[in-house]
Amino acid sequence: VGIFGNTQQKTLEVVYDVAGGKLGFGAGGC
Amino acid sequence: GKANSQLPHLHTLQISSLLPASVCSHSTGSSKTQSTLKVFHRHGPCSKHTRQNPTTKPLLADLLSYDQSRAKSIQARLNFNSNTDNIKTTTLNKNKFIDRKANLPVQPGISLGSGNYLVTIGLGTPTKTLSLIFDTGSDLTWTQCEPCARSCYTQKDPIFNPASSSSYSNISCSSSQCSQLTSATGNDPACSSTTCVYGIQYGDQSFSKGFFSKDKLTISPTDVFPGFLFGCGQDNQGLFGRTSGLLGLGRDPLSVVSQTAAKYGRYFSYCLPSTSSSTGHLTFGKSSAGNAKFTPFASSQGASFYFIEITSIYIGGRQLSISETIFKNSGTIIDSGTVITRLPPTAYSTMSAAFKQLMKKYPSAPAYSILDTCFDFSGYTSVSIPTVTFEFGGGVKVDLHPNGILVAIGKTQACLAFAGNGDDTD
């Protein structure tokens, strides 16, 4: 399996809408 | 600046910006609610674990080695989960986690050495503060507990003492909650007298064992969860640093995401800071998602992990020639505890070649641990690097921050922060 790791997630707003079955990415989260 | 205007698909950055500062700067992120926790790196200046113990900071090579252990253990666990015969064999051995040796190879877990991001929560009555590794790749939340009947490692916060919490209670062996441990930990629970006993072992042989318990979890003064189920560890050993334990954010019913679903609706978000010298946040519940673009979760092969679908990668604005099948065959998870993104080797080699081509003005540097696309920036104070964009299912394109593209090996060398798996079918 491939893994999208935490280095690549830096500064992104990563949104887990588990009930809605979707994952969000936003720029400039912090 | 001139080069940048001619080639818009470049980042120009100071090399020093890849390195953490010696002092902590706090995030000014917008996504703050009552249920927002501050996220900090375990080895940076924002962590009290580092402030008083600067010599305990591990080498990057060690962290990458732990990271490889975690990546391998995730793959082993997914292979394991796909084999129901093995699961039956495991669940038949009721006493296996009492016997540490018997437990080792049976159920691969998740290596925690690289689980570097921490949050602080409250537990018990009165509330005790605990710094926990936050991990989207596992489910059970646990903390070390007095009296540490067998073994506790040294942690920064005072060890949680259930005898001092008026809201603490043990879970009985006969309860339905006790049986939920099998899916949450990969191990069957055991019994000590009538008390349910959990055991969780990770891929690097770190482990925690103890009483399965419930107590009041405090996320914020207004967000309190009585009866939160967690592991009260009496025997804890491994690569947990000086943290107090782990906050499991996976998909299993015992994860904190599931246990707080009535209030937060299985919705959480986080932002990891650009370097270990700044802070991010972890927010439970819907807040302003801002400019977030959503990709559907892919069908899951495991009970814990969050699967997504990579469809394409762009380097310097140019789409790489990688068949979508390459990504589909292996599948992809998103994990807060793995440091370096792992790609199918065919995809990684294509990415590395394209990146090197656009970086040809900089001399190559030797490979470093699992990173083999490295550059010598001696004599440069700033560099221009190609943009990297990932495209996910649903056409969602995500531009990576420069600190998500290169990892600094020192003041003059940096490597592409990606690695290949051993095989396209991994």
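Every chain is numbered from 1, with letters handed out A, B, ... down the list of sequences.
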Rounded to the nearest 0.5 Å, what separates atom [atom1] in [X] from atom [atom2] in [Y]?
X	Y	atom1	atom2	result
A:F4	B:I308	CZ	CD1	6.5 Å
A:E13	B:K293	CD	NZ	14.0 Å
A:I3	B:L343	CD1	CG	10.0 Å
B:S276	A:K10	OG	NZ	7.5 Å
A:L23	B:F392	CG	CZ	8.0 Å
B:K286	A:D17	NZ	CG	5.5 Å

### Query
Less than 6.0 Å separating the ring centroids of A:F25 and B:F294?
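For A:F25 and B:F294, the ring centres are not under 6.0 Å apart.
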### Query
Does the gap between the ring centers of A:Y16 and B:Y267 come in under 6.0 Å?
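Between A:Y16 and B:Y267, the centre distance exceeds or equals 6.0 Å.
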Which atom pair, heavy atoms only, marks the closest approach of [X] to [Y]?
X	Y	answer
B:A292	A:V15	CB-CG2, 4.2 Å
A:G2	B:S330	N-OG, 4.1 Å
A:Q8	B:T341	OE1-OG1, 2.7 Å
B:G280	A:C30	CA-SG, 4.2 Å
B:G265	A:A19	O-CB, 3.7 Å

Would a 4.5 Å heavy-atom cut-off, applied to side chains only, mark [X] and [Y] as touching?
X	Y	answer
B:V257	A:V18	yes
B:Y270	A:Q9	yes
B:D335	A:N6	no

What part of [X] gets closer than 4.5 Å to chain A, counting heavy atoms only: side chain, backbone, both or neither?
X	answer
B:F390	side chain
B:T136	side chain
B:P344	neither

### Top of B:N403, B:D399, B:I405 for chain A proximity - count of heavy-atom pairs under 4.5 angstrom
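Option with the greatest count: B:N403.
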### Max heavy-atom pair count under 4.5 Å with chain A, selected residue of B:G393, B:A261, B:A417
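So the answer, after comparing B:G393, B:A261, B:A417, is B:A417.
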### Message
Set out, in order, the CA-CA distance, both residues' side-chain angles and the distance that settles side chain to side chain contact (heavy atoms under 4.5 Å, CB included) for A:V1 and B:I74, then state yes or no.
### Response
CA-CA 8 Å; A:V1 67; B:I74 287 172; 4.0 Å; yes
### Task
Only counting residues at least two apart or in another chain, list the ones meeting side-chain contact (heavy atoms from CB on, under 4.5 Å) with B:S277.
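For B:S277, the residues satisfying side-chain contact (heavy atoms from CB on, under 4.5 Å) (neighbours in sequence not counted) are B:P20, B:A21, B:P45, B:T275.
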### Task
Starting from the C-alpha separation in whole Å, work towards a yes-or-no answer on side chain to side chain contact (heavy atoms under 4.5 Å, CB included) for A:T7 and B:F418.
CA-CA 9 Å; A:T7 298; B:F418 292 82; over 6 Å; no
